[in-house]
Every structure is written in C-alpha cells, then in structure tokens.
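All heavy atoms count here, side chains included; hydrogens, waters and symmetry mates do not.
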Amino acid sequence: MTRPATGDPQPLDEAFYARPADVVAPDLLGKVVLAKDPATGAFRGGRIVEVEAYVGAEDLACHASKGLTRRTSTLFGPPGHAYVYLIYGMYRLFNVVCQPVGVAHAVLVRGVEPLGPEASERVGAPLLEPPSGARGDGPGRLTRALGIDLTHDKDPLYGPRLYLVDGPPPGEVAVTPRVGVAYAGSWADAPLRYLDAASPHVSRPPPSQVGSGRRRE
DNA sequence: TTATCGATGGTA
DNA sequence: ACCATCGATAAA
C-alpha cells in the first residue's frame with residue numbers, strides 16, 4: 001500500500017536542511033536524488049552513498065569563504081536548494097544548501113548508487129533505466145548520470161525538477177577528511193566526509209580497511 | 001597496481 | 001590563475 005509510482009515524489013521538508021551541514025550530511029546517506037528527464041517526464045534516480053560537509057564562511061574549503069558573489073549567492077540562499085557549479089571546465093558538482101538564509105553551509109554529493117525502474121514504487125516516481133555504462137561513483141560522474149547541469153543551480157529540492165526523498169540509512173557510516181582540499185590549511189584534515197561503509201558506489205574507499213584488502217569482482 | 005598529465009570553462 | 005575531477009596513458 002505504498003504510493004503509486006506515477007504521482008509526484010514526496011520530498012524531505014525544509015526543516016531537514018535548516019541545520020549545520022555536518023549534521024545534515026550523514027543524514028543524507030541513504031536518501032534518494034531524483035532528477036526529471038525533460039524528454040520523457042520520468043526521473044533518473046540515485047541513492048546517496050557519499051557526501052562532504054562544507055561548513056560556512058570560516059571553512060577555507062567552502063566557496064562561501066570567498067564571500068558573497070554571483071556564484072556563491074546560492075550558498076547564502078534558502079536551505080533545500082541545489083548549488084550546482086562547474087569544476088575543471090567539464091564537471092558539474094551537485095550540492096545541497098543547508099542552514100537558514102544568510103548562513104552558507106552546503107553538502108557536496110560525491111557518490112550515488114544509480115537506481116532503475118524497479119525502485120520506482122519505493123521512491124514514489126517513475127524511474128528510467130540508467131544509461132548503460134552510467135556510474136554514480138564520483139561527484140562529476142553522478143551529475144552526468146542524473147542529467148544535472150548548471151541550469152539546476154538554485155533549483156528547489158522540493159520539485160518540480162529536482163526532488164530529494166527519504167530512504168533507509170546505511171548500516172555503517174565511515175568518516176574521513178574531504179577529498180581534494182589540501183589548500184584549505186587546517187580545514188584540510190577536518191573529518192567532514194561521510195560514506196556508506198558497505199557501498200561499492202563510493203568514489204574512493206575509506207582507508208582503514210583490515211589488511212590491504214582489494215575487493216575482487 | 002600507482003603516478004602523471006591534460007582537457008576545458010566559469011569565476012574572480 | 002584558480003580549481004570539491006576524470007580518463008587515458010605509462011611504468012612496473
């Protein structure tokens with residue numbers, strides 16, 4: 001007696017996002033991102049398995065530390081909206097804006113497990129088959145897989161194009177420093193990256209695995 | 001397997 | 001000039 005898969009998905013509410021990014025981030029693991037495909041009206045979906053928290057103007061790795069500009073205005077805006085920007089000229093990175101207006105926190109989504117039509121009912125929306133070869137591990141890859149681009153910047157996560165819906169949390173969460181922020185001084189080492197420890201769809205596995213174990217296929 | 005390197009474009 | 005990346009290539 002779940003919802004029909006053809007209705008509008010039921011998004012997380014604003015109160016969920018109006019908290020510090022390092023609190024929202026682990027709570028985001030297991031939740032599902034839905035992006036409407038303009039051609040079909042159906043959705044592409046991914047279950048979040050890896051995130052990083054960027055905790056405001058003091059955080060030298062956070063774009064908000066550059067102050068309020070046209071680009072960062074999204075970060076200073078209302079919670080529960082998407083912050084999408086281009087990096088290295090070719091990748092779009094998808095972030096979730098946190099905290100009330102004026103406080104610029106965000107969570108970067110770094111890994112999702114792509115979902116197909118079989119998850120439609122669970123998610124409350126019709127899902128497309130992920131394009132073959134589509135991967136959700138890596139912040140640049142997942143936006144490609146979901147079809148998220150710069151036009152999604154400032155879009156609400158309550159629809160009509162982007163939705164974030166509930167899902168079961170992972171069994172075990174691993175915490176590490178953030179990736180690629182060596183320039184950020186003391187903030188470089190802050191433990192602000194959170195992963196579903198059991199997921200194979202993570203951009204880079206957490207360090208302290210027992211042995212030097214490589215997973216085989 | 002790890003290491004290195006270049007593509008590519010918005011922002012400042 | 002900078003950069004929250006990726007994928008191809010080379011070395012081993």
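- Annotation: proximity of residues 18-34 of chain A to DNA chain C (heavy atom, distance under 4.0 Å) is found for no residue.
- Residues passing the salt bridge (Lys or Arg N to Asp or Glu O under 4.0 Å) test with A:Arg71: none are found, sequence neighbours excluded.
- Within the structure, ring pair (Phe, Tyr, Trp, His ring centres under 6.0 Å) pairs that include any residue of residues 133-165 of chain A comprise A:Phe43-A:Tyr163 (at least two apart or interchain).
- Under the rule for a salt bridge (Lys or Arg N to Asp or Glu O under 4.0 Å), A:Arg92 has no partner lying at least two apart in sequence or in another chain.
- Under 4.0 angstrom from either OP1 or OP2 of C:dT5 there lies no side-chain N or O belonging to A:Arg92.
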Intra- and inter-strand pairs of DNA chain C in dot-bracket (Watson-Crick or G-U wobble, both distances under 3.5 Å; | for another strand): |||.|||||||.
Name each donor-acceptor pair under 3.5 Å that joins a side chain in residues 97-107 of chain A to protein atoms two or more places apart or in another chain, with its distance.
| from | atom 1 | to | atom 2 | distance (Å) |
| --- | --- | --- | --- | --- |
| A:His105 | ND1 | A:Ala21 | N | 3.1 |
| A:His105 | NE2 | A:Val55 | O | 3.3 |

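- Annotation: salt bridge (Lys or Arg N to Asp or Glu O under 4.0 Å) contacts of A:Arg44 (sequence neighbours excluded): A:Asp37.
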Between the protein and nucleotides 10-12 of chain B, are there any N/O to N/O pairs under 3.5 Å, and if so, what are the atom names and distances?
| from | atom 1 | to | atom 2 | distance (Å) |
| --- | --- | --- | --- | --- |
| B:dA12 | OP1 | A:Thr69 | OG1 | 2.1 |

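- Listed in residue order, the members of residues 93-106 of chain A having a heavy atom less than 4.0 Å from DNA chain B come to none.
- With sequence neighbours excluded, the residues that form a side-chain contact (heavy atoms from CB on, under 4.5 Å) with A:Ala145 are A:Ala134.
- Of the residues in residues 54-63 of chain A, those lying under 4.0 Å from DNA chain C by heavy-atom distance are A:Tyr54, A:Ala61, A:His63.
- Each of A:Gly180 and A:Arg141 was assigned the nucleotide of DNA chain C with the nearest heavy atom; the assignment lying further toward the 5' end belongs to A:Gly180.
- Straight-line distance from the CE atom of A:Met90 to the P atom of C:dC3: 17 Å, rounded to whole Å.
- Every residue two or more places apart in sequence or in another chain that forms a salt bridge (Lys or Arg N to Asp or Glu O under 4.0 Å) with A:Asp137 is listed here: A:Arg135, A:Arg141.
- In terms of phosphate contacts, A:Arg135 brings no side-chain nitrogen or oxygen within less than 4.0 Å of OP1 or OP2 of C:dG7.
- A close approach under 4.0 Å does occur between a side-chain nitrogen or oxygen of A:Tyr88 and OP1 or OP2 of C:dT5.
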